[in-house]
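First the structure, in the form of structure tokens, and then the observations on it.
In each ligand, atom 1 is the first atom listed, and ligand 1 is the first ligand listed.
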Amino acid sequence: MKIKRLNGLKGTISVPGDKSISHRSIMLGSIAEGTTEVHNFLQGADCLSSIACFRQMGIDIENNGDIVRIHGQGLHGLKRPENTLDTGNSGTTTRLMSGILAGQNFDCTINGDISIQSRPMRRIMTPLSLMGASIESIRSNDCAPLKITGQKLHGIHYDSPVSSAQVKSAILLAGLYADGETSVTEPVLSRNHTELMLGACGGDVHSQGTTATLRPVKRLESQKIIVPGDISSAAYFMAAGLIVPDSEIYIENVGINPTRDGMVKVCQAMGGNISLENVRDVCGEPVADMVVRHSSLHGTVVEGDIIPTLIDELPIIAVMAAFAEGQTIIRDAAELKVKESDRIAVMAENLSAMGVDITPTADGMIVNGGGAPHGARIQSHLDHRIAMSFAVAALASDGETEIIGSDCVNISYPTFYQDLFKLAE
Ligand code: S3P
């Protein structure tokens, strides 16, 4: 994909459904009783991996593109899959599903693509093993493929060393199958969709501060779920509206759960003209429309408790930093190294190629903005968020940018390029 500078992005955009909530709708719908109806389900490759895995375990899932219907079989209704469960590129499918599989009465193997096979699974293997699970890394490298042999589980309290919703959710989902109470405390609160959705379908879960506690229940009830637009997808349009001169973009129906909304705060801290309208509640999640106007940005420091609320947005924040006056420092974000790619190294490689002054650090990066980034050959490393971040950077840079492996946006946002270029028409 080759992209050149554009001016004046104008119009209204509705981003696709939230990836985290879409995954959870499949998992909870499969183990609830009755039919869960999901509107605005994200039809990205990651969420389709979740659908495929639960179909392999005997769950009837109808996907007509607009509405997904999951015919749940109850907590004990999954069937042993005949083949390896393929989680594709999806860390969420791999880790959350492992929590469910740990408590089944069958054994199975899960594996994903080359990126999944290098992502750390020890972080779920340790707490699930403490609950009595049998979960083994087949190559003994703490990565997938994983062999999980379902066991009778018991509740634990787990002090998680990382603020990770995937770790927290794997433990809570295993807790549905455990004797007694299961609780997780994390250093900083991570996204809480699992807790909210479990609560909505009859789970006994409560949260206090950074601790979530779950007691097993006999059954979960099916729900109608309306998935809000994904703030992690909206982030590219927020950034584009701010850095492309003469832009004004209206982004409709964006989830603004406070465990996810750090991007809005950082845009505002950088001097971005971005405002929220029509704040409302949709199926227990706060949702708003956003108005974004071109702004002169300045550098900021992104660190501490805000990091988990914008962890997936740090690549596009680094792009904004390149177009902002002065220095931006991102720290406390070592987790970036274990995402779909090493996002610290990959941002440094690609922003440097565009002539940006960027220094990678052990837990983030320092960007000295205010130069005039120029087009370059960008290696996406097949990381969807890297490809989308540099598509936005390209719109405000001199010359032409080529994104290698640009199709990987399919993972979370199949119509990304069409939606972006529509704003320039
Ligand atoms: C996710 C949690 C985050 C995020 C990922 C989706 C989730 O990962 O990066 O894209 O749906 O729970 P971690 O929990 O590993 O931080």
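When the side-chain contact (heavy atoms from CB on, under 4.5 Å) test is applied to Asp383, the partners found at least two apart in sequence or on another chain are Glu340, Ser341, Arg343, Arg385, Ile386. Scored by the side-chain contact (heavy atoms from CB on, under 4.5 Å) test, Ser190 finds Ala165, Lys168, Glu186 as partners (sequence neighbours excluded). Tyr158 pairs by the ring pair (Phe, Tyr, Trp, His ring centres under 6.0 Å) definition with nothing, not counting sequence neighbours.
Side-chain N/O atoms of Ser30 and Gln73 include no donor and acceptor closer than 3.5 Å. With 3.5 Å as the limit, one finds a donor-acceptor pair spanning the side chains of Ser412 and His384.
With values rounded to the nearest 0.5 angstrom, Ile317 atom CD1 is found 8.0 Å from Met270 atom CE.
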For ligand 1, what N or O to protein N or O distances fall under 3.5 Å?
| from | atom 1 | to | atom 2 | distance (Å) |
| --- | --- | --- | --- | --- |
| ligand 1 | 8 (O) | Lys339 | NZ | 3.1 |
| ligand 1 | 9 (O) | Asp312 | OD1 | 2.7 |
| ligand 1 | 9 (O) | Asp312 | OD2 | 3.3 |
| ligand 1 | 9 (O) | Lys339 | NZ | 2.7 |
| ligand 1 | 10 (O) | Asp312 | OD2 | 2.7 |
| ligand 1 | 11 (O) | Ser20 | OG | 2.7 |
| ligand 1 | 11 (O) | Arg24 | NH1 | 2.8 |
| ligand 1 | 12 (O) | Arg24 | NH2 | 2.7 |
| ligand 1 | 14 (O) | Ser164 | OG | 2.7 |
| ligand 1 | 14 (O) | Ala165 | N | 2.9 |
| ligand 1 | 14 (O) | Gln166 | N | 2.9 |
| ligand 1 | 15 (O) | Ser164 | OG | 3.3 |
| ligand 1 | 15 (O) | Lys339 | NZ | 3.4 |
| ligand 1 | 16 (O) | Lys339 | NZ | 3.1 |

